[in-house]
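Working notes, structure below.
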Amino acid sequence: MSIVAFAEKNKAAAQIASILSEGNFERTTLEGVNVYEFKKDGKQWRIMGLSGHIMTYDYPQEYNNWKDVDPGVLIDTMPEQFITKQAFANAISRLAKDSDEIILACDYDREGENIGFEAKSIAEKVCNSPIKRARFSSLSTGEIKKAFQNPVEPDVNLANSAKARQILDLKMGVAFTRYITLSVQQKARTKGVLSIGPCQTPTCGFVYEREKAIKEFEPRDFWKIEAVFTHNDIDFQGTHRTGKFFDKQKADAVYNKISDCKTGQVTNKKVKETKSSPPYPLNTNEFLKRASKFLGLNSDRALEIAEQLYLSGFTSYPRTETNKYANDFDFQSRVAELTKKAHKELALEVFKNSEDGFNPRNGTKDAQDHPPIHPIKSANKGDINNAVNDSKGWDVYDLIVRHFLANLMQPAVFEKTRIEISVNDEIFDATGTVKKESGWIWVYPFEAKNDKILPEIEINEKLKINKITNTNSQTTPPKRLTESELLTLMDKNGIGTKATAPTHIETNKKRGYFETKGKSISILDTGFTLMDALDKSVPLIVKPEIRARVEQLIQDVEDGKKSLDGAINEGTALIKQMYSQLTSNKDEMVSQIAGTIYDESVAADSDNYIGKCSECSRVLRIVTTDNGRFVGCTGYPECKNTYPLPKKGALNIMKSRECKKGAPAVIKVGNKYHWAVGIGPCFKCDMENECFPPEIVGQCPNCDGYMFLIKTKDSRFLGCTNKCGYTQSVPKSGRLTILDDTCECGWNIVRVKEKEKEAKEFCVNRKCINKL
DNA sequence: GCAAGGTC
């Protein structure tokens, strides 16, 4: 009797083999793929891990040429399933041929069932062995043994639901992407692909909606009446209960009524103790959000770091939906491990807190895939820096460790006080918060808050009023989305999965639809115009509903309410309907998009982009020919405007410099001089001092001139604007910036940032009073 | 050249 089982991945296969064989198994390879073998109860077992999907849907070759195939035809063409990982397919065939029974043992979810069916379809071609399914929700001993003792029938509906998703996503993505890309290419010279997809487009849609809200925002005036009260030498602020007065007259009336008041009376007081529980264990989504919020990391980079931490054994597998620990999770040894290195003090505190055992604050999601992200090995900063190729490696590790420990600690306790104060019958509110017990926040400084103190005070007591103000402000527009907020929106709307959400964000960036600046995401012209054009012609595709519609269809397949063909037909009809909306609005849409694409594609070539042509306001660029180089207009041959350039020297376009004589740009030529396009060498120009003001550091100690930074080809130093002869050295290496802050001696503080090092800020004055 | 979903 020979049993063959297919798991979703190599790691799972090894784990299953280890459990079923009680550790007595051997690893062999077949077609380069690991197979785990053992004998048990007279049966020969062989377990192989797949590599996620080993097949994909795609269109047959004759549909590959974009220009020959009308994209609309793709919607009515059924894609075919191709093997993408041939070695795995070969190994499956060879194992299946030699089997009496086959067990599918992939993850128990849609994609897992689907991956199992990929193996099933290959096996069925070479053998007639019965094919069963082992269903388990975690790789724990109990679950695995039970699942393999009672295998069930494979769930064709579950597998088909994933198939429906694959086919519909492909049809829509391919048809829309080709159509938009080709139509825009007819109008604008661009090589780039303008992609559309059922996940990437709504993702961009969120960013677009926010941008629109910002653009359409009209600030409103409002007035806020605030009072500063004093009691027992403590000043605190109260706000009129109305909050924002949008009616100036009403605000003025209230203000006039109380502006001369010298006292107020406490009319109510409430003290409430509130507990703040530790955060749930980290699943991928939560991890990415926090890495963005606390560390300013974009999700792609954060996941890459987590992956490296995982591969070097410091933390657990980073892709998980689960935010709940299994009952038998071994906290004892994990926390003990952490007492060995940098987080020793924190880990010991957790031990102190856990005399009656460890009590994690568990979440509610158990996707039964992997445990929440947690530390495996303790480390010092150096260990992480050696293992992770990213300067933020340590910060990410530290976050994971602290999150893990915080989760095991007591809630933090705050005392919140709210008092109500009457000032000539107008009610003011004041609140205070005092931390009574730090609990988990002690190990989790990311969420620490400062206390807001209110004086000890009782009802009916009188308070002195220091000041009453009536301030006019304006409502502010919504803020740009952060990556963390975008991930939340995606998660809420079912866009993408734990493993793919960051990819969708990356795709949008790669296409030039939006970018991340600091923590916030800002949309680029291409993204905005594309979304705007789509929103007008095919509104559904920009909104998360598109995903929900497909999700509903495939859920019906999973539930057996619809056949695979039925769901595909319905989905195809929906795509067709959207596609006809798209094509009927073609002209307007294309001209709208083409306008921005053209400029951006030239501008993106930043080595050559110069500025606007004064003749035709198109874009100027550097043209290099066999005979030399010059600045020419991208409108050539219609516009023949040109400017000369020096023959020698590397050219560097100084975007931060503006020519006061109106030249389109200033170019740095080698290390020697600057050249304003169309005007000539800047240092022979009478406006030199205005375009290139000296970088003053401070007063010259020798005369009444100022010390300024002089940079030459191979050195830099400070010289006097009066040329009195006094000079002084500055650090030779690192990027040097003169800050606005000044030292007590009057000189500006200088910031020096060397590669791979922390920036230093200090006073460079040799004669600084602090040094004497 | 195109999607989204697995995995590494």
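We use all heavy atoms of the structure for the numbers below, so side chains are in, but hydrogens, waters and symmetry mates are not. Below, chains carry the letters A, B, ... as their sequence lines are ordered, and counting in each starts from 1.
- Rounded to a whole Å, the CZ atom of A:Arg165 is 7 Å from the P atom of B:dG6.
- Atom CD1 in A:Ile546 sits roughly 15 Å away from atom P in B:dA3 (whole-Å rounding).
- Using a 3.5 Å distance cut-off with no hydrogens or angles, the side chains of A:Tyr397 and A:Asn385 do not pair a donor with an acceptor.
- Of the candidates B:dC2, B:dG5, B:dT7, the closest approach to any side-chain atom of A:Arg511 belongs to B:dC2.
- The side chain of A:Val193 sits closest to B:dG1 out of B:dG1, B:dG6, B:dA3.
- Heavy atoms of A:Gly192 sit nowhere under 4.0 angstrom from any nucleic acid atom.
- Spacing between atom CD1 of A:Ile495 and atom P of B:dA4 amounts to 10 Å, rounded to whole angstrom units.
- Taking atom CD of residue A:Glu321 and atom C1' of nucleotide B:dG6, one finds them 13 Å apart after rounding to whole Å.
- Within the nucleic acid shown, A:Gln200 comes within 4.0 Å of sugar-phosphate atoms alone, with no base atom in reach, counting heavy atoms only.
- For A:Asn585 and A:Gln581, the side-chain atoms include no donor-acceptor pair closer than 3.5 Å.
- In this entry the distance linking CD1 of A:Ile505 with C1' of B:dA3 reads 17 Å, nearest Å.
- Atom C1' of nucleotide B:dG6 and atom OH of A:Tyr108 are separated by 18 Å, given to the nearest angstrom.
- Distances shown here put every side-chain N or O of A:Thr500 at or beyond 4.0 Å from the OP1 or OP2 atom of B:dA4.
- For residues 576-585 of chain A, the pairs satisfying salt bridge (Lys or Arg N to Asp or Glu O under 4.0 Å) are A:Asp76-A:Lys576, with sequence neighbours left out.
- Atoms CG (A:Leu182) and P (B:dG1) sit 14 Å apart, rounded to a whole Å.
- Only A:Ser51, A:Gly52, A:His53, A:Thr56, A:Tyr57, A:Asp58, listed by number, bring a heavy atom of residues 46-64 of chain A to less than 4.0 angstrom from any atom of DNA chain B.
- Around atom CG of A:Asn65, more than 12 heavy atoms belonging to other residues, nucleotides or ligands sit under 6.0 Å away.
- The side chain of A:Glu111 sits closest to B:dG6 out of B:dA4, B:dC2, B:dG6.
- The distance from atom CG of A:Asn114 to atom C1' of B:dT7 is 14 Å, rounded to the nearest whole Å.
- If you find the closest nucleotide of DNA chain B to A:Glu8 and to A:Lys510, the one lying nearer the 5' end belongs to A:Lys510.
- Among the heavy atoms of the strands, none lies under 4.0 Å from A:Glu113.
- The residue from A:Lys561, A:Lys562, A:Arg110 that alone fulfils the side chain to side chain donor-acceptor pair (under 3.5 Å) condition with A:Gln555 is A:Arg110.
- Heavy atoms of A:Ile196 sit under 4.0 angstrom from primed sugar atoms or phosphate atoms, though from no base atom.
- The salt bridge (Lys or Arg N to Asp or Glu O under 4.0 Å) test with A:Glu483 is passed by exactly one of A:Lys289, A:Arg290, A:Lys509: A:Lys509.
- No hydrogens or angles considered: nothing links the side chains of A:Ser93 and A:Lys125 as a donor-acceptor pair under 3.5 Å.
- In this structure, of B:dG6, B:dA4, B:dG1, it is B:dA4 that holds the atom nearest to the side chain of A:Arg547.
- Side-chain nitrogen and oxygen atoms of A:Ser195 include none within less than 4.0 Å of the OP1 or OP2 phosphate oxygen of B:dG1.
- The side chain of A:Trp66 sits closest to B:dC2 out of B:dC2, B:dC8, B:dG6.
- Heavy atoms of A:Lys163 sit nowhere under 4.0 angstrom from any nucleic acid atom.
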Yes or no on side chain to side chain donor-acceptor pair (under 3.5 Å) for A:Thr500 and A:Thr497, after CA distance, side-chain angles and deciding distance?
CA-CA 5 Å; A:Thr500 62; A:Thr497 66; 3.2 Å; yes

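- The nucleotide whose nearest atom lies closest to any side-chain atom of A:Lys9 is, among B:dA3, B:dC2, B:dC8, B:dC8.
- Looking at heavy-atom distances under 4.0 Å, A:Thr503 makes no contact with the nucleic acid at all.
- Of the candidates B:dT7, B:dA3, B:dG1, the closest approach to any side-chain atom of A:Pro198 belongs to B:dA3.
- A:Ser161 approaches A:Val557 most closely through the heavy-atom pair N-CG1, 3.6 Å.
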